[in-house]
Amino acid sequence: MLEYKSIEELCRAAHAKNCKLSELVLDDQAESMELPREELYRRMEERFAVMESAVKAGMNPELRSTSNLTGGDAAKMWAYASSGGVCGGFVNRAMARALAVSENNAAMGKVVAAPTAGSCGILPGTVVSLASEGRCTRREAVMSLFTAGAFGMVIAAKASLSGAEGGCQAECGSASAMAAAAIVELMGGTPEQCAHACAMAIKNQLGLVCDPVAGLVEIPCIKRNVSGVAIAFSSAEMALAGIESKIPADECIDAMREVGNSIPCALRETAKGGLAATPTGERLRMQVFGPKK
Amino acid sequence: MNVFDIIGPIMIGPSSSHTAGAVRLGRIARKLLGEDAARAQVELSGSFAQTYRGHGTDKAITAGIMGMDSDDERIRRSLELAAESGLEITFVETEIPGAHPNTTRITLTGKSGEHVVVQGASVGGGNILVTGINDMSVSFTGQYNTVLVRHLDKPGAIAAVTQFMAGSGVNIGNFRLSREHRGGEALMTIEVDGDVSDELMDELRSLAPVQRAILIRAM
């Protein structure tokens, strides 16, 4: 059975079995959970279906969060995407999907924590986008979540997936790295290319702090899901082009842990620093919760 | 840890600790009450007290008290649903000294007059720790099937229960005893591996030292 303690282990095992990472992980998890492969696939498909419905729910232009600070931006992005924007329709629609899922989360809608609620828009923004625009089959998309999940397990074991422990790099950074690996697999890349994509996504979010305004999972979390999608795609594209990360994925994850440990407490989900402590951040906090007691 | 801990859980947003964990704390309180609640007083301490409105923690705890799960889309409307069903619920901001930042103390009164006070914390990622039931301190997470046994603090009570469980093939993973005072009311918290059947719980309740026994299934 796999230990999920290094990305290198996953790549080596996939080579030995001459299979995709997703197939390796599905087989391994079925064995360790003592459940049939079909049951595990069914559970993952259920999660994929929740991601799809969260995209749909979040596109409602009337949607507002409980705090009334956010909502409705996914609808704006979706409308804008029809013009093609600067980056093309696909990327703009992917950004809209990430906004939709994150805004739906803030509005107490149903989501899949992937790996956390704060970063729940990144896998839907990437993997749901590829499936719903015909770039892969639905089955392949569901399977790619096993690859994403395995990369997440390694990050959880070696570093952290929690903003309170490791800053936003641990949440949106990890989600983006997981998504980058999934995209590469869906586009026919090798396990090594998945690892390079993961490494490049982490490198591009290293040091990202967790500084939520009013302590709520809204500002800046929702928009960081969009940049997480953009970084996942750009990292995957580089890997698919044959570009390698000079620093291996496992060492990038180690660096993420070290960086996370040195982020001051004020910038780890406590809402005491960064954007939360700006005059506007403080005014928005007052607007929701009233004066500090 | 498995792949569904990373791609999952399916939950109602916005925050695993302020919503998903809060629902579970409400559910545990309802389960310990043993009947539908008529009145609830929810004390919120620390970060829960400061941010519950923005995170919907009040809606989440209410939903749990009404028996909803953490992926139930009615959570968003739970305050209205509670009012419609006649559940009277009040929220009190407080400071419980020394408690985890995300702590709540839930006092429930049931439709037939049952009463329970449950204290617990949402400790991250939707996980919880129940720390108090009535005046007794406990410690369980709800991740395992948990059997709570109320009994009088008398010699042989623990042996009777654990021997019965061993005889029924139930493996105990964790055992904790708390009591009000010597010879007074006591509570066993027994986390077990595998399933515990309703028949087994009935047999357990018929043991002499046992006053009341509840099974809280892993969630």
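These values consider heavy atoms only, across backbone and side chains, with no hydrogens, waters or symmetry-generated copies. Letters A, B, ... mirror the listed sequences (proteins, then strands); counts begin at 1.
Relative ring orientation between Phe146(A) and Phe4(B) is described as perpendicular, the plane-to-plane angle rising above 60° on a 0-90° scale split at 30° and 60°.
In this structure, the portion of Met51(A) lying under 4.5 Å from any heavy atom of chain B is its side chain and not its backbone. With a 4.5 Å cut-off on non-hydrogen atoms, Leu216(A) touches chain B through its backbone and its side chain both. Both the backbone and the side chain of Val111(A) come within contact range of chain B, with heavy atoms under 4.5 Å apart. Within the 4.5 angstrom heavy-atom criterion, atoms from both the backbone and the side chain of Met153(A) approach chain B. Looking at Ser16(B), only its backbone comes within 4.5 Å of chain A, counting heavy atoms on both sides.
A side-chain donor-acceptor contact under 3.5 Å links Ser85(B) to the backbone of Ala82(B). The backbone N or O of Ser17(B) sits less than 3.5 Å from a side-chain atom of Ser122(B), completing a donor-acceptor pair.
Side-chain contact, Thr94(B) with Glu43(B): no donor N or O sits under 3.5 Å from an acceptor N or O.
Between Tyr52(B) and Val42(B), the closest side-chain pair of non-hydrogen atoms is not below 4.5 Å.
In terms of non-hydrogen atom pairs under 4.5 Å with chain B, the most contact-rich of Thr116(A), Leu40(A), Val25(A) is Leu40(A). Among Lys59(B), His55(B), His18(B), Glu73(B), the residue making the largest number of heavy-atom pairs under 4.5 Å with chain A is His55(B).
A cation-pi contact, defined as under 6.0 Å to the ring centre and within 45° of the axis, links Arg139(A) to Tyr41(A).
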